[in-house]
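As the structure is a prediction and not an experimental result, all values here were calculated from the model. Numbering starts at 1 and runs along the sequence shown. Read the numbers this way: they start at 1 and go in the same order the structure lists the ligands and their atoms.
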Amino acid sequence: MELLKQRIRRDGRALNEHVLMVDSFLNHQVDVGLMRAVGEEFARQFAGCGITRVMTIESSGIAPATMTALAMGLPLVVMKKSISSILSEGILQTEVHSFTKNSSYQLTLKQKFVAEGDRVLVIDDFLANGEAAFGAARLVEQAGAQVAGIGIVIEKAFQPGHQRLIEAGYRVVSLARVSRMAENLIEFVDE
Ligand code: 5GP
């Protein structure tokens, strides 16, 4: 998606060879116009796949997933990273290792917000090692639903997440695929 790549080139900042900061338009301040375009692009790419529900992981997946659900006219469910006392009944959980925080959390989903037989589109902001996407997929499958696709805003293609997901049989669509990063340098796969 050219508009997204332009924005990453302009406002993204590689903290080092591994971590990309996009907090001025995706992770902290949110450019809702760009997110609307992101949502429309996912809706276009996954049209005709029989998707019945969009899901994401709090918090940075919420903006692109909201716009995707809006563009597709579907319900949105947000998986939680922490358990609250009011979330204790009928919940599904799986442990996920966080790439950025180097710690683990219990990804949590209330069973009643997924129907058996649902075809779920999982949306997330970044794909690195694939831990978050695999965790989301495990919960969808535990709930008796199916992962119909995984939509990623920014994939770091030099990390193994994409390959691992493909090998596990998932369809992955990434709108921007970063092939290499260094100080003041962000390169994309098709360049
Ligand atoms: P994975 O689970 O694929 O290893 O990492 C994906 C998750 O880690 C995403 O949900 C995202 O929140 C976070 N993440 C991974 N790499 C980056 C990065 O370079 N920048 C930012 N802002 N978040 C990242």
May I ask you to check if ligand 1 and [X] share an N or O to N or O distance below 3.5 Å?
X: F99; answer: no
X: D124; answer: yes
X: A133; answer: no
X: L127; answer: no
X: K81; answer: no

Open item on the list: Tell me whether H97 at atom NE2 has more than 12 heavy atoms from other residues, nucleotides or ligands lying less than 6.0 Å away.
Closed with: yes
TODO: Answer yes or no: are there more than 12 heavy-atom neighbours, outside N184 itself, under 6.0 Å from its atom CG?
DONE: no
Task: Contact atoms of ligand 1, heavy-atom distance to V19 under 4.0 Å - done: 19 (O)
Open item on the list: List ligand 1 atoms under 4.0 Å from A132, heavy atoms only on the residue side.
Closed with: 2 (O)
Task: R177 with D190: basic N within carboxylate O range, under 4.0 Å - done: no
Open item on the list: Looking at R164 and E167, is any side-chain nitrogen of the basic one under 4.0 Å from a carboxylate oxygen of the acidic one?
Closed with: no
Task: Polar contact flag, side-chain donor to acceptor under 3.5 angstrom, T94-R138 - done: yes
- [ ] Have a look at S60 and tell me which of L26, V153, D125 forms a side-chain contact (heavy atoms from CB on, under 4.5 Å) with it.
- [x] D125
Distance to 0.1 Å, residue and atom name: give those for the protein heavy atom nearest to [atom].
atom: atom 14 (N) of ligand 1; result: T100 CG2, 3.6 Å
atom: atom 4 (O) of ligand 1; result: N129 N, 2.8 Å
atom: atom 20 (N) of ligand 1; result: L20 O, 2.7 Å
atom: atom 6 (C) of ligand 1; result: F126 O, 3.5 Å

Task: Cation-aromatic face contact R171/F46, 6.0 Å, 45 degrees - done: yes
Residue-ligand contact [X]/ligand 1, heavy atom below 4.0 Å:
X: H18; value: yes
X: M21; value: no
X: G130; value: yes

Ligand 1 contact on [X] by region, counting heavy-atom pairs under 4.0 Å:
X: D125; answer: side chain
X: N27; answer: side chain
X: K156; answer: side chain

Open item on the list: Quick one: does any side-chain atom of K81 pair with a main-chain N or O of Q106 as donor and acceptor, under 3.5 Å?
Closed with: no
Task: Main-chain N/O of I123 paired to T56 side chain as donor or acceptor, under 3.5 Å - done: yes
Task: Ring geometry between F158 and H18 (parallel below 30°, tilted from 30 to 60°, perpendicular above 60°) - done: tilted
